[in-house]
Amino acid sequence: KAGVTQTPRYLIKTRGQQVTLSCSPISGHRSVSWYQQTPGQGLQFLFEYFSETQRNKGNFPGRFSGRQFSNSRSEMNVSTLELGDSALYLCASSLASSQNYNEQFFGPGTRLTVL
Amino acid sequence: AQSVAQPEDQVNVAEGNPLTVKCTYSVSGNPYLFWYVQYPNRGLQFLLKYITGDNLVKGSYGFEAEFNKSQTSFHLKKPSALVSDSALYFCAVRDPTSGTYKYIFGTGTRLKVLA
């Protein structure tokens, strides 16, 4: 089974631009979560999607948005980029169950650099 | 509110010695607890989880973790460390009674195994 894939792997943008990151989950996984990883802040939860609906959202400004498609693929968008948005963005998928104890499977991440 | 603490930013251990990476949590209900490992330039990989039952959980690569409800801890252990175990380790918690689907991650502990 193919793992979680993320594209692109590396991205360089300038302040004020916008960016779209893509994530393809493991086949059969309907839950997709996004995280921002920085050296100082660790892993910060952005949002989670299940069946095209945002189920949960972290404490990020409205410039960060996402969506999920009917095939479970997900995208996240960051508008009006700021220098502080430079980070590794990780996507994770999991089997959704009512018990919610499934582990997450992470992609390799997209390294975003904002100049 | 749910939270996870990894009190040590870095742990150094000699190869062949036992290792412990500490994690404590705070949730209102009975937690689901997870450990993940991250190698350089990679996403996180699942190591093990505690859902219910036996307090000692065995996982990948010879790692195990002990759930201690009275101390609200879930420390990661390995009897004999390898140089290849050097990586960044994350503890995560999910509260099944919270009504959310969020995983809360600790800030990570860098493990260095010295030859």
Side-chain angles (χ1 to χ4, degrees), chain A residues 2-7 9-10 21 23-26 29-51 53-60 68 87-111, chain B residues 1-10 21 23 27 29-53 57-60 63 65 67 74 87-110:
Chain A
V4 178
T5 58
Q6 292 186 246
T7 57
R9 291 292 311 277
Y10 301 92
L21 312 182
C23 171
S24 292
I26 291 173
H29 286 191
R30 295 164 65 191
S31 169
V32 174
S33 298
W34 288 90
Y35 296 87
Q36 182 193 65
Q37 184 179 16
T38 56
Q41 298 294 320
L43 224 64
Q44 300 292 312
F45 173 75
L46 280 154
F47 26 65
E48 189 239 359
Y49 287 88
F50 174 73
S51 291
T53 300
Q54 188 181 87
R55 283 203 300 196
N56 229 314
K57 191 176 188 304
N59 298 322
F60 278 81
Q68 186 181 34
L88 181 66
Y89 290 88
L90 293 166
C91 167
S93 74
S94 68
L95 285 169
S97 71
S98 58
Q99 292 82 11
N100 297 317
Y101 52 66
N102 298 114
E103 61 270 26
Q104 293 185 308
F105 293 83
F106 284 79
T110 295
R111 172 77 61 187
Chain B
Q2 307 171 65
S3 66
V4 175
Q6 293 182 243
E8 300 154 319
D9 290 337
Q10 181 162 317
V21 182
C23 171
V27 300
N30 292 318
Y32 297 151
L33 294 155
F34 304 81
W35 274 102
Y36 291 84
V37 60
Q38 185 178 33
Y39 297 101
N41 301 313
R42 305 275 294 275
L44 278 67
Q45 295 177 33
F46 169 74
L47 277 178
L48 50 80
K49 66 182 177 184
Y50 171 82
I51 304 302
T52 187
V57 178
K58 294 189 184 296
S60 307
F63 284 93
F67 171 64
F74 189 56
L88 188 57
Y89 290 80
F90 289 94
C91 180
V93 67
R94 207 176 211 189
D95 180 355
T97 64
S98 69
T100 74
Y101 298 89
K102 284 199 284 189
Y103 291 85
I104 305 299
F105 281 82
T107 51
T109 297
R110 188 163 300 280

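Residue numbers start from 1 in every chain, and the chains themselves are labelled A, B, ... in the order their sequence lines are given, proteins ahead of strands.
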Handout entry: Interface moiety of Gln38(B) toward chain A, non-hydrogen atoms closer than 4.5 Å
Key = side chain
Problem - Interchain contact, Ile51(B) with chain A, by part (heavy-atom threshold 4.5 Å) - result: side chain
Handout entry: chain B contacts, top residue of Leu90(A), Leu43(A), Val4(A) (heavy-atom pairs, under 4.5 Å)
Key = Leu43(A)
Completion exercise
Rounding to 0.5 Å, atoms CD (Glu103(A)) and CZ (Arg94(B)) come to a distance of 10.5 Å
Handout entry: Part of Leu88(B) lying under 4.5 Å from any heavy atom of chain A
Key = side chain
Handout entry: Which portion of Gln37(A) sits near chain B, non-hydrogen atoms under 4.5 angstrom
Key = side chain
Handout entry: Over 12 foreign heavy atoms within 6.0 Å of CZ, Arg42(B)
Key = no
Exercise for the section: Sort Phe50(A) into side chain, backbone, both or neither according to what part of it lies under 4.5 angstrom from a heavy atom of chain B. Expected result: neither
Practice task
Heavy-atom pairs under 4.5 Å with chain B are the metric here; pick the option from Ala92(A), Gly109(A), Pro108(A) that has the most.
Solution key: Pro108(A)
Practice task
Would you please indicate if the ring centroids of Tyr103(B) and Tyr35(A) are separated by under 6.0 Å?
Solution key: no
Completion exercise
By ring-ring contact (aromatic ring centres under 6.0 Å, His included), Phe105(A) pairs with (sequence neighbours left out) His29(A)
Practice task
Can you sort out the partners of Tyr89(A) under side-chain hydrogen bond (donor to acceptor under 3.5 Å, both in side chains), two or more places apart, ordered by chain and number?
Solution key: Gln36(A)
Completion exercise
So OH of Tyr32(B) and CG of Asn102(A): to nearest 0.5 Å the spacing works out to 9.5 Å
Completion exercise
From the list Tyr36(B), Phe34(B), Phe46(B), side-chain contact (heavy atoms from CB on, under 4.5 Å) with Gln104(A) holds only for Tyr36(B)
